[in-house]
Amino acid sequence: MSTLTVKLPDGSARELASGSTAADLAASIGSRLAKAALAAVVDGSESDLNVPLSDGATVAIITADSDAGRHVLRHSTAHVLAQAVTRLFPGAKFSIGPAIEDGFYYDFDLPAGRTFSETDLSAISDKMREIVKADQPFVRSEVGVGEALRLFADQPYKCEIIERVTSGAADGADAGEVGGGEAISVYRNTESFVDLCRGPHVPSTGKLGHFALMKVAGAHWRSSEKGPMLQRIYGTAWESKAALDEHLHRLAEAEKRDHRRLAVEQDLLSFPSELGGGLAVWHPKGAIVRKLMEDYSRERHQNGGYQFVFTPHLANANLFQTSGHLDFYRDGMYPPMEMDNGVYYPKPMNCPMHCLIFAGRGRSYRELPMRLFELGTVYRYERAGTLHGLMRIRGFTQDDSHIYCTEDQLQDEIASLLDFVMSVLRRFGFKDFTANLSTKDPAKYVGDDAIWGKATDALRAALEKYGLEYKIKEGDAAFYGPKIDIDVRDAIGRKWQLSTIQCDFNLPQRFDLEYVGADSQRHRPIMLHRALFGSVERFFGVLLEHYAGALPTWLAPVQVRLLPVASAHEAYAASVVARLQREGFRVDVIHADDQLGKRIRNAKMEKIPYVLVVGDDDVANSTVGVNPRGGEVERDVRIDDFVARVAADVNADDVDA
RNA sequence: GCCCAGAUAGCUCAGUCGGCAGAGCAUCUCACUCGUAAUGAGAAGGUCGCGGGUUCGAUUCCCGCUCUGGGCUCCA
């Protein structure tokens, strides 16, 4: 009997009977591996377990508890979903169903315009469990184009994918469905259910089962707004019940730190419907936090060589004609107001007005770099379906800087800008950063290639110098210049894009901005846009979620709460409050109308950093009882010691979430 | 803008197969004055999101709108 030898990931070799498959390999290694195996990587490409191995191949087994394994089982679960839907809704057309982060989805076109509602999910889910229980095999075969078109004759979306793939017009979404090459691969589960797919898949549906259908949604075919609206079902799937439960638990935790929920619970701000969609009012407790954020931002900008400016909320249409906003972003602007002889628009950006300030008189190279800063409130008409709490809002305030500099200054200016941005972000407790460098889209840009190259190099050099991990997004820049976007990762691992540093070769030209150089000649400055919070509102929302509402002491609306044990201790409590207020702390006191335990509980739910309880002993000894957030109760703490401790906490550079 | 789901007391939510609307928390009053995560009693609180239709009667059924949530698209 002839044999073949394969290489394993650890470098060892293994001899198998000729004709052996990846499944045989797994079995030869161990029964636990055989059970956990879902697919294999053979010579670098993923394949099914039952693929025959060739002599000398390098083979790795994919198990369910790896990222690759979860990807396979999610994709396979999507097929089960499609089969369940086609059985429950005869005539349903299915389009694509990829694995995504934490789960999968599948898009359907139901007969007669029928739509899914959430109540359909349990029936579909039950049908899926039947299919899992039936332990149907996933049988791969490869067919020619003609055969494929015949197989999917009643599935127009599948036919479209086949045609696009074979005509070479496929994009990433199609490639997930079918591999490239001549033959088209399909996976059959039953006599009647077969799906176009590149694979690999689990050997049989019995390997699946730890899934949950999460929600239904509309989704456009081919992700194009012009395409028909399909019905999408989202699900999640995991390698074990424990992993599924853990995922569901994580979702529940994320929901608990939803900034919209925390904003209501802590009385920070609200979105009264009387005001209109996407518009917020800030209540006193939210406003104080916002003010602290803004004060800190102003202080840093003042020390960072910025000049403060203020500009109005409205501008004549001519200004936005000059800036180009009316040409490019009219749909995203609030509608115009007509008055006197002109037409006015609420501003969607501050930069045109800052350009007017620069252009207001002749400028010398000695004034550059000129750094203008404004907390400027802008209004954008975000479409109704896109609004989302503070994260997507129609009126918001940018911490907006525009820096005008010479070409020679570009490099240093960008490097110091990046330092500045990172230092401010760290103060707010973010520690984990990544950046994206977006480069020229050759199809759409203004300015000459030399300046694009120079600016892109300057951005890259700044990232390298700072040592910030970054990805290059080729062709992703706006038409007017390359940019750096900075993402932060929050306490539960979610990424938020916050700060941005953008070069602009367009506005200086449109506003005909000039300075006189040392050579007495006129030159055009380069403009940089820089937002750090981006939107103050959104940044506030991200902070709330990052800290789950427990803002660091320097930002907490109430830093210290005094609780007199009984009415007899109120005078003493008042004297402690006065002392702490003299030290500049934000303090309040809750009188002894409720029991102490109740007042402690309320303070804890409000996530106040320090709760001070004062009773007989404290009155006698000038002490306080300290109940710190997340710490143990301490009795008989001297007031001076407490003051020093809070002061240290407020000034701490290292803030933990 | 499109698909799905919502909107009932300040908050969280129950309920009415079409017949005067309910709980917990919060609020107010009274009692309790208490040493570290919910004291007790009472009161008050609602055009059941807005507008139209069907009906003897609509918070409930139908239509439209507004707002909210989840997606798609978009995001200077």
Side-chain angles (χ1 to χ4, degrees), chain A residues 105 107 110 113 115-121 214-234 255 258 260-261 264-265 267 270-279 320 323-325 327-333 347-352 378 380-389 391-393 398 400 478-481 483 497 500 502 504 506-507 529 531 534-535 538 563-570 591-606 611-618 624-628 632-636:
Chain A
Y105 67 79
D107 286 348
L110 297 183
T115 54
F116 288 126
S117 83
E118 248 142 70
T119 50
D120 293 322
L121 291 184
M214 305 301 285
K215 53 203 171 194
V216 303
H220 295 278
W221 168 236
R222 308 202 67 82
S223 289
S224 160
E225 200 169 5
K226 294 184 187 73
M229 177 62 66
L230 304 177
Q231 294 289 304
R232 175 172 297 178
I233 293 178
Y234 282 94
E255 196 175 324
D258 188 309
R260 293 163 301 190
R261 178 195 185 103
V264 173
E265 282 174 3
D267 196 16
S270 60
F271 295 88
S273 58
E274 296 88 334
L275 194 55
L279 299 167
F320 298 120
S323 70
H325 286 100
D327 288 338
F328 292 106
Y329 306 117
R330 186 191 294 268
D331 290 346
M333 290 170 66
K347 66 174 169 183
M349 290 193 84
N350 303 300
C351 35
V378 299
R380 297 182 183 176
Y381 174 69
E382 302 286 359
R383 296 206 279 177
T386 65
L387 298 173
H388 179 85
M391 304 305 185
R392 195 82 179 266
I393 195 172
Q398 295 180 309
D400 209 3
F479 69 90
Y480 51 74
K483 64 170 177 177
Q497 196 221 301
T500 179
Q502 308 195 2
D504 190 335
N506 178 49
L507 282 183
H529 302 256
S535 139
R538 182 166 177 276
L563 301 180
V565 171
S567 302
H569 312 116
E570 287 198 5
H591 302 296
D593 297 326
D594 280 318
Q595 290 185 333
L596 184 62
K598 171 72 168 291
R599 288 178 288 151
I600 299 264
R601 178 170 195 271
N602 288 343
K604 292 292 174 188
M605 305 238 289
E606 289 176 56
V611 179
L612 299 188
V613 175
V614 292
D616 289 338
D617 300 347
D618 301 297
V624 291
V626 180
N627 186 338
E632 297 292 313
V633 172
E634 299 157 53
R635 291 286 302 271
D636 309 316

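Residue numbers begin at 1 in each chain, while the letters A, B, ... track the order of the sequences.
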Name the pairing partner of B/G6, where a pair is Watson-Crick or G-U wobble with both distances under 3.5 Å, or state none.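 Paired with B/C67.
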
Find the partner of B/U33: check Watson-Crick (N1-N3 plus N6-O4 or O6-N4) and G-U wobble (N1-O2, O6-N3) distances, both under 3.5 Å, and reply none if neither fits.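 Pair assignment: B/U33 / none.
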
Could you work out, with side chain to side chain contact (heavy atoms under 4.5 Å, CB included) as the rule, every residue matching [X], not counting sequence neighbours?
| X | result |
| --- | --- |
| A/N506 | A/V446, A/F479, A/Y480, A/D504, A/R510 |
| A/M605 | A/R601 |
| A/K215 | A/Y234 |

Which nucleotide wins on minimum distance to the side chain of [X], given the candidates [options]?
| X | options | value |
| --- | --- | --- |
| A/N627 | B/G35, B/U36, B/C3 | B/U36 |
| A/S567 | B/G35, B/C3, B/U33 | B/U33 |
| A/D593 | B/U33, B/A76, B/C34 | B/U33 |
| A/V613 | B/A38, B/G35, B/U33 | B/G35 |

Would you mind telling me which of A/D120, A/T115, A/L121 makes a side-chain contact (heavy atoms from CB on, under 4.5 Å) with A/V216? A/L121

Restricting to salt bridge (charged side-chain N to carboxylate O under 4.0 Å, His left out), what partner residues turn up for A/D616, sequence neighbours left out?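 Partners of A/D616 under the salt bridge (charged side-chain N to carboxylate O under 4.0 Å, His left out) test: none.
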
My understanding is that only residues two or more places apart in sequence, or in another chain, count here; which of them pass salt bridge (charged side-chain N to carboxylate O under 4.0 Å, His left out) with A/E382? A/R392

So which protein N/O to nucleotides 24-27 of chain B N/O distances come out below 3.5 Å?
{"unit_1": "B/A26", "atom_1": "OP1", "unit_2": "A/K598", "atom_2": "NZ", "d": "3.1"}

Considering only the [atom1] atoms, how many Å lie between [N] and [M], rounded to the nearest integer?
| N | M | atom1 | result |
| --- | --- | --- | --- |
| B/C2 | B/U54 | P | 28 Å |
| B/C62 | B/A38 | C1' | 46 Å |
| B/A31 | B/C67 | P | 49 Å |
| B/G10 | B/A26 | P | 16 Å |
| B/A43 | B/C3 | P | 49 Å |
| B/A21 | B/C63 | P | 26 Å |
| B/G69 | B/U55 | C1' | 33 Å |
| B/G51 | B/C56 | C1' | 23 Å |

So what does [X] touch, heavy atoms closer than 4.0 Å: a base, only the sugar-phosphate, or nothing?
| X | result |
| --- | --- |
| A/D616 | base |
| A/Q231 | sugar-phosphate |
| A/G597 | sugar-phosphate |
| A/G324 | nothing |

If the condition is side chain to side chain donor-acceptor pair (under 3.5 Å), which residues does [X] pass it with, not counting sequence neighbours?
| X | value |
| --- | --- |
| A/Q595 | none |
| A/D258 | A/R260 |
| A/S270 | A/H283 |

Contacts of A/H220 that satisfy ring pair (Phe, Tyr, Trp, His ring centres under 6.0 Å) - sequence neighbours left out: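 With neighbours one apart ignored, the set is empty.
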
In terms of heavy-atom contacts, A/Y381 and A/D331 come closest through CD2-O, 3.6 Å

Please compare A/D331 and A/A592 by the position of their nearest nucleotide in RNA chain B and report the one closer to 5'.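 Its nearest nucleotide lies further toward 5', so the answer is A/A592.
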
Under-4.0 Å side-chain N/O to phosphate OP1/OP2 contact, A/T115 with B/C3: no

Readout for nucleotides 67-75 of chain B: B = base within 4.0 Å of protein heavy atom, S = sugar-phosphate only, - = neither; 5' to 3' it is SSSBBBBBB

Dump the pairs, protein N or O against N or O of nucleotides 6-13 of chain B, anything under 3.5 Å, distances to one decimal.
none

